Every structure is written in structure tokens, then in C-alpha cells.
Protein chains: 2
Amino acid sequence: MVTTDEVIDTRRRILDVAARLFREQGYAGVSLRAIAREADMKAGSFYYHFASKEDLVVDVLNEGIRAVRDSVERAMQSLGPDADGSTILRTAVHAHLTSLLRLSDYTSANVRVFGQAPEGVRVKALATRRGYETFWDDLLGLAQRRGGLRGDADLRVARLVIFGALNASLEWFRPDRGSIEQLADSYADLLWRGLRPEALKS
Amino acid sequence: MVTTDEVIDTRRRILDVAARLFREQGYAGVSLRAIAREADMKAGSFYYHFASKEDLVVDVLNEGIRAVRDSVERAMQSLGPDADGSTILRTAVHAHLTSLLRLSDYTSANVRVFGQAPEGVRVKALATRRGYETFWDDLLGLAQRRGGLRGDADLRVARLVIFGALNASLEWFRPDRGSIEQLADSYADLLWRGLRPEALKS
DNA sequence: TGACCATTCTAACTAACGTTAGGCTACTCT
DNA sequence: AGAGTAGCCTAACGTTAGTTAGAATGGTCA
């Protein structure tokens, strides 16, 4: 057989399986033997591809952020530079939710597992997370400077609220009980208009 | 000595210790021996007070919701019936955050541990959670019917966004780097006014 | 004082975990 | 054809987990 990417395929298979299991059962809930079983190998063979369980989960977490960031970046690029604030917000929210809830087990594994993982893992997966946060801060900052977002809005607070709200949807969203598009629209609409009645300005 | 509440005190001590440790280290990160050590007893003695670790964590989780609900209910009652929407929102947000971030290890343990706990635990702690969600739905619904909140706002979405945003603060908030009051004000303000520029109405 | 009972401790069990050493297999390349 | 090695497997190690049985402790009350 071809030897070139045989190993890489196996490694990818392990990562895919691990992402799915971590997403479903959390960090401590997934044993190495379970990962090996789902990847059609024995537990010992795992160590030919990864140095430890912690190394594996670090890779899963970082790939999760890479995927969601890629998703949002592409969506932004498809917008053109003159999109208004509402469109930017809705599109970014939609892209993030799509990666989290439909496309990537890696992204959902990150959201679910990051807070459960041992400190050493979190340290090695923090920079990527921070980078994604900065990416959103830049995104919102640019839109605000162009007048697309309320000028006196605290964008750090906005990002924290947005991240908290979007990522929490992982815990309750079921694809058969609502579409991601509708969810994204609802979330973006609330974040856009707020809860204040439109008639008055108090 | 008095025998009447000696046992109850010990039981409470175990619960307090467990709530703190769960809050700090998550479900799987806390061993029964660690709980026993912090509660000044040996691991075996624990089983005189609880049937299992799962039973213990169920009690911790439910107490966490009881505490935060009590906090928000009291704050609401202190408002008087003619408070406007902005005040209601800010007060409820502040009360929730206070219980989560300052007053109760039980509440923070619930937020942190619920998603990590085994299914059996989650089932037994779900009703209390649902009850608290309904309490917020009623709270927001009443305010909306009185004209205090935007009439066409989807309140289920609002509650999901609020819960997601508030509870996520547990992961990053540090008391020495900002006050809960300021945080609550910022969150409530964003949720109230949204990100749309105030000049236009698009 | 002595019986009783509530509470705690000691010591162990079983199961599961991450990890490792060393052997087997089958393909590659000379 | 034979040497070398990449990839996987077998079998085990040491640790830790939740849990349990039974002994010890110490206060209460007849």
C-alpha cells in the first residue's frame, strides 16, 4: 500500500473520533480505550501517534478554534467592505453557530472540554482562543469605527456576551427542533435591538 | 454535647466543602478523599452522611439553584411593582451575578459542574434548573406585558442569551479586576440598548 | 456502672484509568 | 531473498477512584 499518508490518515481518524467523543461526553468521560475502540485499534497503539491523552486533546482544542475562526473569516470575506452593522453581526453569529452546532466536532469539543481539561492543557490551548477573541474584537471594532455599531458600546462586554450566549447554545440546541439560521437570526436580532421598547428612549 | 444538629452540621460541612471544591476543580477533578480531607474526616465516614458521590453532587446542584433563585426573588421584591424594564433587567442581572460570583459556591458549582456530571445526576438536578428558567420567563413576561420590555422581543431567546452570558462570566471573572456591580451594569446596558446605533432605526 | 447507639475510622476490595515494554506482522528497499 | 522498520498488538504496571464491612470510639440514658 501507499505508506505516505497512511499514518496521517490514522492520526486524523483518532482526532476525529476524539473530537466527537469529547463533544459528547466531556474530557473525563472519554477514556483512551474508548477512543482506541472507536478508531479501530487497541489502546496501546494510540501512543504511536500521540505522546499522551493531554497532547491529543490540545490538538483537538486548537483545531476547534481554527475551524470556527476559518468559518467566520470566510463569511466576513464574502460580505464585501460596505456591509452594515446588522449584517456583519448576523453573519458572524451565523458562521460561529454553524461551526459550533453543525460543521465541527472540534469546535464543539473545544467549547465543552476547555473548562474541564487539566491546567496544562488549558495553557497550551489558550493562545489560540485568545487569538479568536482578538479577531472578534477587531471585527466589532472595525464595524463600530465605520458607524455600523453603536458608538459608545463597550465592545469587550459585547464580545463576552456574544461568546457566552452563542457557546451556551451547545448545551441545549437540538438540530431537529430548530434551524441554525433561525437561531442565528434571533440571537443577532436581540443583540442588535436589545430589550428596550422602541417607542421611547430612556 | 448537643446531639440534635451535630450530624446536620457535619452534613452541611461536607456540602460546603464539596461546593467549593466542585466550583474550583469540576466534577471529575474532585475525589471523595479530597472532600473528606477538607471536611476533617476519613473517606469512609462520608458514607454515613451520603449514599454516594452522585447523591452529594445532586444536593449541591439543587442548593445552587435555590440560592440564586432566592437572591433574584428577594431583589425583585425589593423593587416595588412599578419599576421600569431597565431597572428590572439590571436588578435581576445583578442579583444573579452576585450569587454566582460572590455569595454562593453552590451556584457556581452548579454552573460549572452541571454539564460535566453523569446523566443520572443531571436528571435529578434538571427540574430545579427548569424551575429557575421558568421563573425568569415569568419575570420577563410580566415586564413585557407592562410595556417595560420591547413588545416583539422573543423572551425565550432573551432568557437564553442572558443565561449564557451571565453564567459564562464564571470562567473569566476575577473579583480583584472589576466589581460585580460594574459588570452587571455593563451587561444589562448592552442587553437593554443593543448594538444598533441610536441615531438611525434600521 | 453497664448497655446501647450514633458516629467515625481502618483496611481493604474491585474496577478503571493512563501508560509502557516488548514482541509480532507485513511491507519496503537494497 | 534478506534486512530493516513502520505500525499495531499483547500484556502488564502502578495509581487512583468510589465504595464497603467491620471494628473502634465516645456520649446518653437506664
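Because the structure is predicted, anything quoted here is derived from the model rather than measured. A note on names: the letters A, B, ... follow the listed sequences, proteins ahead of strands, and every chain is numbered from 1.
- Distance, B:Asp9 CG to C:dA6 C1': 15 Å, rounded to whole Å.
- Atom CD1 of A:Ile35 is separated from atom P of C:dA16 by 17 Å (rounded to the nearest Å).
- Each of D:dT19, C:dC9, C:dT19 was ranked by its minimum atom distance to the side chain of B:Lys53; first place goes to D:dT19.
- For the residue pair B:Asp185/B:His94, the side-chain donor-acceptor check at 3.5 Å is not satisfied.
- Atom OH of B:Tyr27 is separated from atom C1' of D:dT16 by 15 Å (rounded to the nearest Å).
- Rounded to a whole Å, the CG atom of B:Asp55 is 14 Å from the P atom of D:dG18.
- Under 4.0 angstrom from either OP1 or OP2 of C:dT8 there lies no side-chain N or O belonging to B:Tyr48.
- Contact annotation: B:Tyr47 side-chain N/O to D:dT20 OP1/OP2 distance is not under 4.0 Å.
- Atom CZ in A:Phe46 sits roughly 22 Å away from atom P in D:dA11 (whole-Å rounding).
- Side-chain N/O atoms of A:Ser52 include none lying less than 4.0 angstrom from OP1 or OP2 on C:dT20.
- In the set D:dA12, C:dC9, D:dC8, the nucleotide with an atom closest to the side chain of A:Ser45 is D:dC8.
- A:Phe163 and A:Tyr132 have their aromatic ring centers within a separation under 6.0 angstrom.
- Within 4.0 Å (heavy atoms only), B:Lys42 reaches at least one base atom of the nucleic acid.
- Distance CZ (B:Arg37) to C1' (D:dT16): 13 Å, rounded to an integer number of Å.
- Between B:Glu63 and B:Arg11 there is no salt bridge, since none of the side-chain N atoms of the basic residue sits less than 4.0 Å from a carboxylate O of the acidic one.
- Rounded to an integer number of Å, the gap from B:Arg33 CZ to C:dC9 C1' is 13 Å.
- Contact annotation: B:Ser31 does not reach the phosphate of D:dT16 (side-chain N/O to OP1 or OP2, under 4.0 Å).
- Between the CE atom of B:Met41 and the P atom of D:dG26 there is a distance of 16 Å, given to the nearest Å.
- Comparing A:Leu32 and B:Ala43, the nucleotide of DNA chain C nearest to each residue sits closer to the 5' end for B:Ala43.
- Side-chain contact, A:Ser99 with A:Ser104: no donor N or O sits under 3.5 Å from an acceptor N or O.
- The side chain of B:His49 approaches C:dT8 more closely than any other nucleotide in the set C:dA12, C:dG18, C:dT8.
- In summary, the side chains of B:Asp84 and B:Thr87 do present a donor paired with an acceptor at a separation below 3.5 Å, with no hydrogens or angles considered.
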